[in-house]
Amino acid sequence: MFPRFQKELTMSKAELLAAIDADHDHHVAFLQEFLRAPSPNPPGDTREATNVVRRYLGSRGVAHDIVAPQVEMPNVVSEFTGGGDGPRLIMNGHIDVFPVGDAQGWERSPWSGDIEDGLVHGRGATDMKTGTAASIVAYSYLHARRRDLRGSLGLTAVSDEETGGKWGSRWLLENDARWLGDCMINAEPSGIETIRFAEKGTLRLTFAISTAGAHGAYVHRTESATRVAAALITRLAEVEQIDPGLPPQLRAYLEQDDVRSAIDKVVGAGAADIMAKPTLNIGTIHAGLKVNMIPDRCVLEADIRLPIGLKAERVLAVVERILQDFPQTTLAVQEAASNPASSCPHDHPMVGLLASNAESVTGVRPVATPSLGATDCKFWRYRNVPAYLYGPAPGRMAMTNESVPSSEFRAVIRTHALAAWDYLGGER
Ligand SMILES: [Zn+2]
């Protein structure tokens with residue numbers, strides 16, 4: 001009725017961006033403090049890092065709650081309702097990070113939080129404290145302007161992602177429907193060239209081979225557990241030949257040149273070739289006491305990644321057929337570490353909002369692709385809530401000397417804030 005008057009009252013996108021940018025030093029200080037609070041998982045004690053998040057939210061006047069089904073793994077949650085009806089969006093990120101062991105090979109402390117040569121350093125810089133901090137910062141600026149938005153926004157900064165989400169995202173979704181929403185965005189590392197709309201599943205298997213043992217020279221007395229293991233590993237590669245039965249539309253999409261080249265650019269040459277295929281990694285092998293003894297037992301663990309469309313049962317059928325030739329071998333499925341693939345539409349409006357805002361921020365329009373690795377997004381997708389991730393470069397994720405370009409922190413804050421702003425009906 002009074003468009004001019006209303007316009008004057010309404011915060012525009014440009015003003016939101018200006019407000020965020022004006023405080024950038026404050027955001028960087030928050031990220032550094034976050035990185036300096038160790039939260040390796042295992043063991044998964046995130047209380048110190050969670051306190052950094054709480055102090056930041058407190059400094060921005062954002063009310064929040066702690067939900068801690070495990071006392072040493074608290075989750076920080078917050079929500080607000082806008083000035084009118086609209087959809088509910090959830091922002092999600094994790095606080096825990098990969099462990100560092102004895103930190104061998106690190107050129108500086110894994111918990112330094114140093115910024116040097118345009119890089120933010122520290123365990124979790126990539127996966128995913130930079131992304132989680134970006135979501136928290138973006139949320140706090142949207143919170144301050146909530147009357148200009150419609151619908152509602154929830155923030156879930158969780159613990160326990162690196163070991164499966166049992167006490168984090170999965171727990172929240174199983175116990176409180178408020179955190180489901182109509183759509184979810186997350187800033188796990190995707191590289192600024194891609195938005196992730198799907199991810200492979202995992203099937204983890206333990207094989208135990210039992211044979212007679214013997215003196216190392218008496219090979220005529222036993223088939224040897226380790227030599228059986230070597231033959232079994234060779235045969236297990238057959239699972240990589242299974243046709244996943246990808247939905248035809250998705251297959252056509254994944255064969256597009258721009259999609260293939262975006263995947264290879266971010267994850268490395270060859271990644272597009274394995275995106276729609278099952279893969280096998282033998283992650284651990286344990287056998288033997290001494291070099292001149294033939295082991296009587298060998299235990300190995302396989303990490304099989306399942307593309308969209310491939311059910312674990314089909315892979316297990318192939319594995320069981322192979323095992324008919326290995327009667328000395330028993331198989332156990334690691335149920336708690338196995339999850340189906342997950343996906344949601346690659347042409348959902350949120351993909352367009354993330355892509356156009358990312359392009360305006362970075363000059364690069366990201367392409368929607370699946371992920372090789374798993375994230376908490378799957379818990380939303382399993383419940384039919386579209387979940388997308390857009391975050392910094394995967395770079396040295398899970399490696400020594402983990403770091404991320406500091407410019408990408410700013411880009412991810414801006415992209416998530418602007419995409420959420422648009423999704424929640426903010427003035428363009
Ligand atoms: Zn992660």
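Just so you know, ligand 1 is whichever comes first in the structure, and atom 1 is the first atom listed for that ligand. What you see is a predicted model, and the numbers here were worked out from it, not measured in a lab.
- Taking backbone and side chain together, Glu188 holds an N, O or S atom under 2.8 Å from the Zn ion (ligand 1).
- Here the N, O or S atom of Asp127 that is nearest to the Zn ion (ligand 1) is OD1.
- Here Glu162 does not reach the Zn ion (ligand 1): none of its N/O/S atoms is less than 2.8 Å from the metal.
- Cation-pi geometry between Arg428 and Trp421 is not satisfied (NZ or CZ under 6.0 Å from the ring centre, within 45° of the ring normal).
- For Tyr56 and Phe30, the distance between ring centers is under 6.0 angstrom.
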Between side-chain atoms of residues 131-138 and protein atoms elsewhere (two or more places apart, or another chain), which donor-acceptor pairs fall under 3.5 Å?
from: Thr132; atom 1: OG1; to: His94; atom 2: N; distance (Å): 3.1
from: Thr132; atom 1: OG1; to: His94; atom 2: O; distance (Å): 2.7
from: Thr132; atom 1: OG1; to: Met128; atom 2: O; distance (Å): 3.1
from: Ser135; atom 1: OG; to: Gly131; atom 2: O; distance (Å): 3.3

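- The atom of His94 that is an N, O or S and sits closest to the Zn ion (ligand 1) is NE2.
- Under the side chain to side chain contact (heavy atoms under 4.5 Å, CB included) test applied with Val77, the options Ile90, Thr156, Leu155 reduce to a single match, Thr156.
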